[in-house]
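Below is one structure; the comments refer to it alone.
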Protein chains: 2
Amino acid sequence: MKRITIRDVSERAGVSTAAVSYVLNGREGKVSPDTILRVRRAAEELNYIPDFSARSLANNKSKLIGVVIPQTEEHKQLLLQNPFYSELICGIEARLRQSGYHMILSGVEKGEGYLDTSMQRNLDGAIIMGIYQESFYEDLKKARMPIVLIDSYVYDSHFHVVGIDDELGGYLATKHFIDNGHTNIALVTGMIRKDGVVEKRFLGYKRALKEAGLFYHPDHVFEHSVTYEFGQEAAKLIVAKYPEITAVFATSDLMAMGVMQGLRDEGKVVPQDVSVIGFDDITIARMCTPPLTTIMQDTINRGITAADRLLSAIHNPDGGLPQEPTIMPLTLVNRDTVRKLS
Amino acid sequence: MKRITIRDVSERAGVSTAAVSYVLNGREGKVSPDTILRVRRAAEELNYIPDFSARSLANNKSKLIGVVIPQTEEHKQLLLQNPFYSELICGIEARLRQSGYHMILSGVEKGEGYLDTSMQRNLDGAIIMGIYQESFYEDLKKARMPIVLIDSYVYDSHFHVVGIDDELGGYLATKHFIDNGHTNIALVTGMIRKDGVVEKRFLGYKRALKEAGLFYHPDHVFEHSVTYEFGQEAAKLIVAKYPEITAVFATSDLMAMGVMQGLRDEGKVVPQDVSVIGFDDITIARMCTPPLTTIMQDTINRGITAADRLLSAIHNPDGGLPQEPTIMPLTLVNRDTVRKLS
DNA sequence: TTGTACGCGTTATCAC
DNA sequence: GTGATAACGCGTACAA
């Protein structure tokens, strides 16, 4: 059983392949109603399924979107372990599929670029999460397709950005501690890299401190990797060496959960002994014990928004360069991990 | 700046396109060493990137693998929220990319098939997770590509299967409770569907009961959806109506965590009041409080194995029909959620 | 080693 | 206004 081609359909309908192509692509202005009907029927009867490779070859449209997420350095596996990325993917995939697109999900090897993939596959667009080195973005600019950046402050006119106000998030969390009487507030965070989201959250943290007339204490910043394990370690360090700390702001929920576990391991009770605030509001944040106070961003919705913005850029190629970034809202969700100091 | 084609390379190298194709595809037996060198240089200098669409058109190989995971019914979003699927994806993606393949990740609309996608995209193979209705698999068989099923007992000679011994898993969990003196053991589970993994776990549960001379009590089976929320509900129901129950076997960690939360909501302490065992050993199982006793499967590795099996089927098209299923190992990880009744 | 037909759908051009 | 013909996109592989 060989493939049904457009030629088979045209023969069965007794018309040209051009007519078939027109009908099936909705350019019906150029075709008589009678022809339309016959083509439709023939395609139906033969169960015709077009070959996207051929289509892509003919008009450089693949209906394929590249989605890139960060990966672990050691195992080169996607950072999908962090529910934050899973949720973004959920939103993105749903919207793309709904619009007739498919998603190629992958990581990118350190030092490698994404231009090759984009050209090989004739990608119609891409959504890039995380932060990479300068050269990666330079490379990307050469790709002639719209690109949406998530979690990046590379405000280059070539890229669309769907972000949040990370600085505000950092500020809100810290402020909340301060409003509850805390003055020794630790920051547990992944690497603070230039133009990264974490840097902004860090700046918000410092702004809140300053505003309250509190000292910024570099020793109270614990900076390493965005993992549960590091959160745990940091907590142990805090208990052992910095007993003055009564509150911990973790720049991701994953780390916050590690912090809580680490505190527990050391016999501390949250929030009686130490208060904790996270960032992201991943699904399990409300599931853990006690439920985590955190900075909520509607992650799935952010994925949908990113996909929407990409799709509209694809459909309006003359829309010019990307306008200003889309900034998604942010709020503090007050659950049970912050204690009011009296 | 237009695309560099194989013709550009052939001109620069002063050879035919055929020669270029041969060299770049490693069929070097047919080409002189001198030509090889010149082609290599020309390709390098022009920074030639082949078009996979053209390649796919010419030889029906796309280097594209379809990966399907279940989705929520309401929002049609991927079930990636369940870390179990995230971990599988991590393993699959890593191995595929490493072998020069890309992954199209998607869900499938209820009632829709996957044959269309597979033909449109000229997929080289597919990995299907979850369980679907009969017609879905019938449809899939028409796709002339190797297919690996994960989490399915559709033992059809058309499909490769990478599974675990779910019945044993159910048995081990239940047996562990019994060995610790429990006799009223609830089962909290997703829908028990024919040929689904859950059915097997259910059978293992019953076998352990029977072996111990305990009654199987249909009222102690709580069957609904594989969600945290349902676990929570089930726990509340148990506390309210079935005080005799001292142990809960949840057929996924996600539900087990819901159960623990539900118990806590009702003022019960795990494991002092009620013991809990989960299934999967997702990453957060060891992170929660108390750390969850569960049936461990090495999920990432299972993803890698599935990808491996698919790739080798693709590379050995004459390997005949799939042999017997690959069964991955399984063990009970004893953490802190089971109490020994005296 | 090379020339070239082929895979399949699109679209510009031309004919009625 | 309708519809058909054919060139094109790019890489592959067979015949010569």
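All values derive from a computational prediction rather than experimental measurement. Here is the naming used below: chain letters follow the sequence lines, and residue numbers restart at 1 for every chain.
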Name the pairs: protein N/O against N/O of nucleotides 12-16 of chain D, kept only if under 3.5 Å.
unit_1 : atom_1 : unit_2  : atom_2 : d
D:dT12 : OP1    : B:Asn25 : ND2    : 3.3
D:dT12 : OP1    : B:Arg55 : NE     : 2.9
D:dT12 : OP2    : B:Ser21 : OG     : 2.8
D:dT12 : OP2    : B:Asn25 : ND2    : 3.3
D:dA13 : OP2    : B:Arg27 : NH2    : 3.1
D:dC14 : N4     : B:Tyr22 : OH     : 3.0

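Going from atom NZ of A:Lys2 over to atom C1' of C:dC6 covers 12 Å, rounded to whole Å. Taking atom NZ on A:Lys61 and atom P on D:dG9, their separation rounds to 16 Å, with Å as the unit. Here C:dC8 presents its C1' atom at 11 Å from CG of B:Asn60, a figure rounded to the nearest Å. Between A:Asp51 atom CG and C:dC6 atom C1' there is a gap of 14 Å when expressed in whole angstrom units. In this structure, A:Phe52 places its CZ atom 19 Å from C1' of D:dC10, rounding to the nearest Å. Per the geometry, CD belonging to B:Glu11 stands 11 Å off P belonging to C:dG3, to the nearest Å. Here the C1' atom of nucleotide D:dT2 and the CD1 atom of A:Ile36 are 11 Å apart, to the nearest Å. Nucleotide D:dG11 holds its P atom 10 Å from the CG atom of A:Asn122, rounded to whole Å.
Each of B:Val31 and B:Leu57 was matched to the nucleotide of DNA chain C holding its nearest heavy atom; the match closer to the 5' end belongs to B:Val31. Residues A:Ser53 and A:Pro33 both approach DNA chain D. Their nearest nucleotides, taken by heavy-atom distance, put A:Pro33 toward the 5′ side.
With sequence neighbours left out, B:Tyr22 forms a ring pair (Phe, Tyr, Trp, His ring centres under 6.0 Å) with no residue at all. For B:Arg121, there are no salt bridge (charged side-chain N to carboxylate O under 4.0 Å, His left out) partners, not counting sequence neighbours.
Between A:Ser56 and the phosphate of C:dG9, there is no side-chain N or O to OP1/OP2 separation shorter than 4.0 Å.
Side-chain contact between A:Glu109 and A:Gln71 is present, with at least one heavy-atom pair separated by less than 4.5 Å. Side-chain contact between A:Ile6 and A:Asp51 is absent, with no heavy-atom pair separated by less than 4.5 Å.
Within a 6.0 Å radius of NE2 in B:His315, more than 12 heavy atoms belonging to other residues, nucleotides or ligands are found. Other residues, nucleotides and ligands place more than 12 heavy atoms under 6.0 Å from the NZ atom of A:Lys141.
Remark: B:Glu87 CD to B:Asn301 CG distance equals 11.5 Å, nearest 0.5 Å.
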